[in-house]
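Take a look at this one; I'll ask things after.
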Amino acid sequence: IIGNDTANGSTQKMTLAAWIYKAGDGGVSGHEYGRIFQFGTGTAGPMLYTDANDRVWFNAAFSSTIGAWKSTNAGVITNPAGTPKWHHVVLTYDASSVNNDPEIYVDGQKIAVSEQTTPVGNYSGIYVGSDSSDCYIGNTKGGTRTFEGNMADAAVWNRIIDPDELQAIFNASKLSDIYGPGTSYD
């Protein structure tokens with residue numbers, strides 16, 4: 001489990017990954033933050049999501065202030081023509097210190113990340129029996145942050161996957177931009 005109870009085997013390290021094909025912004029004005037992953041209800045756990053400017057965001061709950069980061073540049077999950085295509089999005093994060101920033105990779109390449117809100121306090125964690133223990137893929141528990149599009153191969157690790165392994169995962173699963181991961185050209 002990705003938690004804060006390190007004495008009982010939890011880790012504060014995480015890697016979240018998924019293939020995404022973003023087709024829209026969720027369809028509801030004011031709710032354009034389509035979730036890829038959200039742990040728990042409200043802001044209880046970490047969340048990885050996109051916005052209307054095709055940025056990738058990550059939030060992590062700390063005891064005093066939630067940390068929030070986003071891809072520095074807009075449009076990191078569209079192609080240059082502005083049309084949607086499949087992208088492999090990966091986040092790695094070590095929550096053991098408020099001074100650590102997440103790393104975000106799109107299609108095997110590390111992208112620039114900007115801190116929007118500095119975390120304060122201790123990492124709240126993900127652990128069984130807490131408000132953060134449920135994992136929602138593609139939405140929130142309340143259904144108000146729908147990811148509009150398709151997803152495949154969603155994965156969570158309780159460790160930081162190194163860049164070489166991330167590249168190997170990306171290379172092993174990338175296929176057609178049109179039909180998505182796991183398809184063939186036959």
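Since this is a predicted model, take the numbers as computed values, not measurements.
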inquiry  = Under 4.5 Å between side-chain heavy atoms, counting indirect links through other Ile/Leu/Val/Met/Phe/Trp/Tyr residues: same cluster for I161 and V90 or not?
reply    =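 Yes, I161 and V90 fall within the same hydrophobic cluster.
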task = Spell out, yes or no, whether M47 and I160 are grouped together once hydrophobic residues are joined by side-chain heavy atoms under 4.5 Å, including indirect joins.
result = no
inquiry  = Taking the side chain as everything from C-beta on, heavy atoms only, tell me whether T118 gets closer than 4.5 Å to T65.
reply    =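 Of all side-chain heavy-atom pairs linking T65 with T118, none is under 4.5 Å.
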request  = Rounded to the nearest 0.5 Å, what's the gap from CG on L91 to OH on Y49? Could you check?
outcome  = 11.5 Å
ask   = Is the backbone of D51 close enough, under 3.5 Å, to the side chain of K22 for a donor and an acceptor to pair up by distance?
value = yes
Single-linkage hydrophobic cluster V76~I20, side-chain heavy atoms < 4.5 angstrom =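 Cluster IDs for V76 and I20 match.
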query = What's the shortest heavy-atom distance between G121 and V98, and which atoms?
reply = O-CG1, 3.4 Å
Nearest-0.5 Å distance, CD1 of residue I137 to CZ of residue F37 =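 The CD1 atom of I137 sits 5.0 Å away from the CZ atom of F37.
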Sole residue of L166, V106, I169 in side chain to side chain contact (heavy atoms under 4.5 Å, CB included) with H88 = I169
Distance (rounded to the nearest 0.5 Å) between I77 CD1 and D54 CG =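 CG of D54 is found 5.0 Å from CD1 of I77.
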request  = Grab the two heavy atoms, one from A154 and one from A18, that are nearest each other, plus how far apart they are.
outcome  =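 The pair with the smallest heavy-atom distance is CA-CB, 4.0 Å.
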query = Should the pair W57 and Y33 be assigned to parallel (<30°), tilted (30 to 60°) or perpendicular (>60°) ring geometry?
reply = perpendicular
query = Any cation-pi pair here, R35 with F147, using under 6.0 Å and within 45°?
reply =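 Judged by the rule, R35 and F147 form no cation-pi pair.
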task = Kindly give the heavy-atom pair with the smallest separation between A61 and I66, and that separation in Å.
result =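 Of all heavy-atom pairs spanning A61 and I66, the closest is CA-CG1, 4.1 Å.
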task = State, with a plain yes or no, whether a side-chain heavy atom of Y123 is found less than 4.5 Å away from one of N100.
result =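 Not touching, per the 4.5 Å side-chain cut-off.
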ask   = Short question: side chain of N53, backbone of R55 - any donor-acceptor pair under 3.5 Å?
value =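 Not confirmed, N53 side chain does not pair with R55 backbone.
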message = As an exercise, state the distance from CD of E115 to CG of N99, rounded to the nearest 0.5 Å.
response = 9.0 Å
Matching residue for F58 among Q116, M14, E103 - test: side chain to side chain contact (heavy atoms under 4.5 Å, CB included) =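 The side chain to side chain contact (heavy atoms under 4.5 Å, CB included) with F58 is passed solely by M14 among Q116, M14, E103.
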task = Please round to the nearest 0.5 Å and tell me the distance separating atom CG of N150 and atom CH2 of W19.
result =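 N150 atom CG to W19 atom CH2 measures 13.5 Å (nearest 0.5 Å).
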query = Got a donor-acceptor contact below 3.5 angstrom from the S71 side chain to the V56 backbone?
reply = yes
message = For a side chain to side chain contact (heavy atoms under 4.5 Å, CB included) check, start with the C-alpha distance between F39 and V156, then their side-chain angles and the critical distance, and finish with the verdict.
response = CA-CA 11 Å; F39 290 87; V156 177; 4.0 Å; yes
inquiry  = Let me confirm one number: the OG-CG distance from S97 to N122, rounded to the nearest 0.5 Å.
reply    =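 Rounded to the nearest 0.5 Å, the OG-CG separation comes to 10.5 Å.
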key: Nearest atoms (heavy-atom pairs only) where N139 meets T144   = OD1-N, 3.4 Å
query = Between F62 and Y93, what is the ring plane arrangement, given parallel below 30°, perpendicular above 60°, and tilted in between?
reply = perpendicular
